[in-house]
Amino acid sequence: MYKTLSIALTRPGLRIASALFMLVIIGFAVAENGVPLFQTGNGIWPELPFALLIVFAITPLNLYCETRKWSILMGAGHIPFSLALKQVLAGLCAGFVTPNRIGEFAGRLYKMPQHLIKKGATMALAGSAIQSSITLLFGLVAIFMFPLVPNSIKAWSASWELIFAVFLLLFICIVAIHLPVVRRRIYEAWRLLRTVNLSTLFHALKWGILRYLVFTAQFIFILKFFGCELSGKDCFFGVALLYFCQSIVPGAAFGELGVRETLSIAIFGAFMPGALMPAIVALIIWLANIVIPVVAASLIFGYARRFNA
C-alpha cells in the first residue's frame with residue numbers, strides 16, 4: 001500500500017489536481033467571508049512591470065551561483081564556465097517535465113567529456129544533495145521561527161482557520177507517508193557528500209547558500225511589493241518554510257505548478273491584503289527562475305542545433 005501511495009503521489013496530474021482542490025477550498029472560504037482576492041495599494045499595478053524587471057534581472061545571478069557550484073564540484077579547469085552554464089541550463093530543461101526532476105541529472109552531462117561522465121553523474125547528485133541540505137536546514141529553523149499564527153488572533157477569520165487546518169493536515173499526511181523516503185534521501189545525500197573533498201564541499205556549499213539567498217531575496221522583494229505585512233526576517237523564514245514543505249512533495253518543475261502557489265497562500269495569505277496575492281507572488285518566482293531560463297535555454301540549444309546542421 002505504501003508503494004502504491006508513493007507512486008501515486010509522484011504523478012504530476014495528481015499533485016496538480018490536489019493543488020487545484022486546495023485552491024477551490026480556499027476560493028469557497030474566501031467567497032463566503034467576502035475577502036477581496038486581489039486588493040492592493042493604490043498605484044501598485046502601474047509599477048508592476050518595474051518590479052518584475054528587478055526580479056527577472058536577478059535570475060542570471062541565480063544561474064551564476066549554480067554554475068559556479070557545478071564548476072567547483074567538477075574540479076577547476078575540467079570544464080570551462082561556458083560549458084558549465086550550458087549544462088546547468090540543459091539540466092533545467094530536462095528536469096522541467098520529468099518526474100522528481102530526474103532528467104536534470106542527465107542534462108548536466110550535456111557535451112561532457114567522455115572521461116568525466118562518471119564523475120559528472122556523481123557530482124550532479126552531490127550538487128542536488130548540497131542544495132537539498134541547505135533547504136532542509138533553513139526549513140527546520142523556519143518551523144520554529146515563522147509566526148504561523150498572526151500576532152492578533154482577530155486577524156483569523158473562519159476562512160483562514162479552515163485554510164490553516166487543511167494545510168496542516170495535508171502537510172502531516174505527506175510527511176507521514178514519505179518519512180521513509182525522507183530518511184533514505186538524507187542517507188543518500190550523506191553518502192554522496194562524503195565522496196567530495198572537504199575543501200571542495202565547503203566551497204560548493206558557499207555558492208549553494210548564496211544561491212538560496214538570491215532566490216529567497218527575489219521572493220521577499222515581490223512579497224513586500226504586493227503588501228505583505230510581515231517583517232523582512234519573517235518573510236525570509238516564511239519562504240524557507242515554503243521551500244522546505246515543497247521539497248517533501250516530489251515532482252517535476254512543471255508538476256510543482258500549483259503546489260508552490262497553494263503553500264504560499266497557506267503560509268502568507270493571512271498577512272497580505274488579497275487572499276490570492278501570495279499565489280501570484282509564487283507564480284512570478286516560478287516564471288523568473290524556472291520558465292524563463294528553460295525557454296531561453298530551449299531557444300539557445302535550438303539555434304545551436306540549427307547552426308550545427
Give me the atom names and distance for the closest heavy-atom approach of Gly107 to Ala90. O-CB, 3.4 Å
Check whether Ser128 reaches the backbone of Ala124 with its side chain - one donor and one acceptor, N or O, closer than 3.5 Å. no
Before giving the answer on side-chain contact (heavy atoms from CB on, under 4.5 Å), spell out for Phe219 and Phe268 the whole-Å C-alpha distance, their side-chain angles and the decisive distance to 0.1 Å. CA-CA 12 Å; Phe219 212 121; Phe268 295 109; 4.2 Å; yes
Could you go through the ring-ring contact (aromatic ring centres under 6.0 Å, His included) check for Phe244 and Phe138 one step at a time? CA-CA 8 Å; Phe244 171 73; Phe138 278 109; over 10 Å; no
Which is it for Phe146 and Phe236 under the side-chain contact (heavy atoms from CB on, under 4.5 Å) test, yes or no, and what are the steps along the way? CA-CA 9 Å; Phe146 182 73; Phe236 174 83; over 6 Å; no
If the test is side chain to side chain contact (heavy atoms under 4.5 Å, CB included), which one of Ile222, Val55, Val239 qualifies with Val281? Ile222
Under the criterion side-chain contact (heavy atoms from CB on, under 4.5 Å), I'd like the reasoning laid out for Phe226 against Ile284: C-alpha separation, chi angles, the key distance, then a yes or no. CA-CA 12 Å; Phe226 278 112; Ile284 289 172; 3.8 Å; yes
Do you see a donor-acceptor pair shorter than 3.5 Å between the side chains of Gln87 and Arg108? no
Run the side-chain contact (heavy atoms from CB on, under 4.5 Å) test on Leu89 and Val294 for me, step by step, so that the C-alpha distance in whole Å, both residues' side-chain angles and the decisive distance to 0.1 Å come before the verdict. CA-CA 7 Å; Leu89 291 172; Val294 166; over 6 Å; no
Between Glu66 and Arg211, is there a donor-acceptor pair closer than 3.5 Å when you use the side chain of the first and the backbone of the second? no
Restricting to non-hydrogen atoms, name the atom on Leu242 and the atom on Arg260 that form the minimum distance, rounded to 0.1 Å. CD2-CG, 3.8 Å
Identify the heavy atoms of Gln131 and Gly208 that sit nearest to each other, and give their distance. NE2-O, 3.1 Å
Does any N or O in the side chain of Lys69 come within less than 3.5 Å of the main-chain N or O of Gly127, such that one atom is a donor and the other an acceptor? yes
Over all atoms of both residues, closest heavy-atom pair of Gly120 and Trp70: O-CH2, 3.5 Å
I'd like to know if the side chain of Lys119 and the backbone of Met74 have a donor-acceptor N/O pair within less than 3.5 Å. yes
